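Reviewing the structure listed below.
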Amino acid sequence: MKRKLIAGNWKMNGSLAANEALVAQLLAEACVVSCDAALCVPAPYLAQVRALLGEDSPFSLGAQNVSQHENGAFTGDVSATMLKDFGVRYVIVGHSERRLHQGESDTHVAIKVRRALAEGITPIVCVGESLAEREGGMTELVVKRQLASVIHLNGHCISEIVVAYEPIWAIGTGKTATPQQAQDVHAVLRAQLKAASDHADRIPILYGGSMNAANAADLLAQPDIDGGLIGGASLKAPDFLTILKAAS
Ligand code: 13P
């Protein structure tokens with residue numbers, strides 16, 4: 001069986017003191033973790049968390065965004081090369097919060113994926129529908145459109161990406177997709193990846209959206225759910241560790 005991947009998305013949370021405490025708690029129990037694991041932290045804390053994790057940590061370092069530009073006059077942007085400098089292994093791209101609040105389009109997302117891949121950083125590409133889109137029967141159309149743009153620009157390199165299905169209505173709401181609802185969309189995404197790549201089976205497709213210690217095992221038992229992208233529950237060490245154990 002494929003190793004599962006559990007990535008924590010801290011979003012805009014944390015402080016030097018809180019990060020130190022959280023990482024210490026995670027590392028204290030890390031011996032029970034035998035899945036792939038990552039912490040996607042705010043950019044200013046990359047250096048701190050990298051140092052806290054140390055060498056040979058079971059947790060890889062992740063970022064939450066990358067610029068679509070290579071370098072130059074883009075005030076406030078952080079390039080893929082800079083992320084690489086800090087030992088970043090994964091970067092979340094196209095999170096719905098950025099699509100919504102920062103106006104990121106499918107094209108921006110596809111370019112960011114290319115920038116990350118060019119630096120050997122694995123992009124975690126987020127797709128997902130709003131509640132209105134789900135209720136309007138548009139779920140499949142929306143997620144396929146979002147993924148198609150990434151496939152179109154990145155061609156066979158997509159075998160190096162991670163996909164995360166994150167229904168917007170389930171993010172931070174406590175309202176999780178049922179395992180079957182999630183599996184149905186994951187199967188659609190898997191079929192789309194298969195049509196584009198001979199190596200689609202090895203592309204992890206994560207579920208994200210109110211995944212927690214109580215529901216993780218059922219979600220992770222689905223055939224096409226290869227891991228989780230965890231928001232709120234990744235900020236609480238006992239909860240995140242429970243999810244990691246469920247995936248191990
Ligand atoms: P929650 O787990 O807080 O719902 O957030 C999910 C998410 O957006 C992860 O990227």
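Not measured: the values here are computed from a predicted model. In each ligand, atom 1 is the first atom listed, and ligand 1 is the first ligand listed.
- The residues Glu104 and Arg99 are annotated as not salt-bridged, no charged nitrogen and carboxylate oxygen being separated by less than 4.0 angstrom.
- Inspection of the Gln64 and Trp10 side chains reveals no N or O donor paired with an N or O acceptor under 3.5 Å.
- Checked by distance only, ligand 1 and Gly172 come closer than 3.5 Å through their nitrogen or oxygen atoms.
- In terms of polar-atom proximity, Gly232 is counted as a contact of ligand 1, with an N or O under 3.5 Å from an N or O of the ligand.
- The heavy atom nearest to atom 8 (O) of ligand 1, out of those in Met211, Lys175, His95, is found in His95.
- We find that Asp226 and Arg202 are not joined by a salt bridge, their nearest charged nitrogen and carboxylate oxygen being 4.0 Å or further apart.
- Checked by distance only, ligand 1 and Asn9 come closer than 3.5 Å through their nitrogen or oxygen atoms.
- Note: an N/O pair closer than 3.5 Å links Gly231 and ligand 1 by distance alone.
- Those atoms of ligand 1 that come under 4.0 Å of a heavy atom in Gly209, given as number and element, are 4 (O), 6 (C).
- For the residue pair Asp106 / Gln146, no side-chain donor-acceptor distance below 3.5 Å is found, with atom types taken as modelled.
- Ionic pairing of Lys2 and Asp201 is not present here: no N-O contact between side-chain nitrogen and carboxylate oxygen is shorter than 4.0 angstrom.
- The Lys11 neighbourhood of ligand 1 comprises atoms 5 (O), 6 (C), 7 (C), 8 (O), with distances under 4.0 Å to a heavy atom of that residue.
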TODO: Take Glu119 and Lys84 through the test salt bridge (Lys or Arg N to Asp or Glu O under 4.0 Å) and record every step on the way to the result.
DONE: CA-CA 7 Å; Glu119 291 300 326; Lys84 191 72 191 168; over 6 Å; no
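- Using 4.0 Å as the threshold, Ser96 has no heavy atom nearer than that to any atom of ligand 1.
- Using a 4.0 Å cutoff on heavy atoms, Ala233 does not count as a contact of ligand 1.
- Counting the atoms of ligand 1 from 1 in the order shown, those under 4.0 Å from a heavy atom of Leu229 are 9 (C), 10 (O).
- The pair Lys4-Asp36 does not count as a salt bridge, with every side-chain nitrogen at least 4.0 angstrom from each carboxylate oxygen.
- Proximity to Glu166 (heavy-atom distance under 4.0 Å) selects the following atoms of ligand 1: 6 (C), 7 (C), 8 (O), 9 (C), 10 (O).
- Counting only N and O atoms by type, the side chains of Thr176 and Asn215 include a donor and acceptor under 3.5 Å apart.
- Heavy-atom proximity to Ala170, at under 4.0 Å, picks out these atoms of ligand 1: 4 (O).
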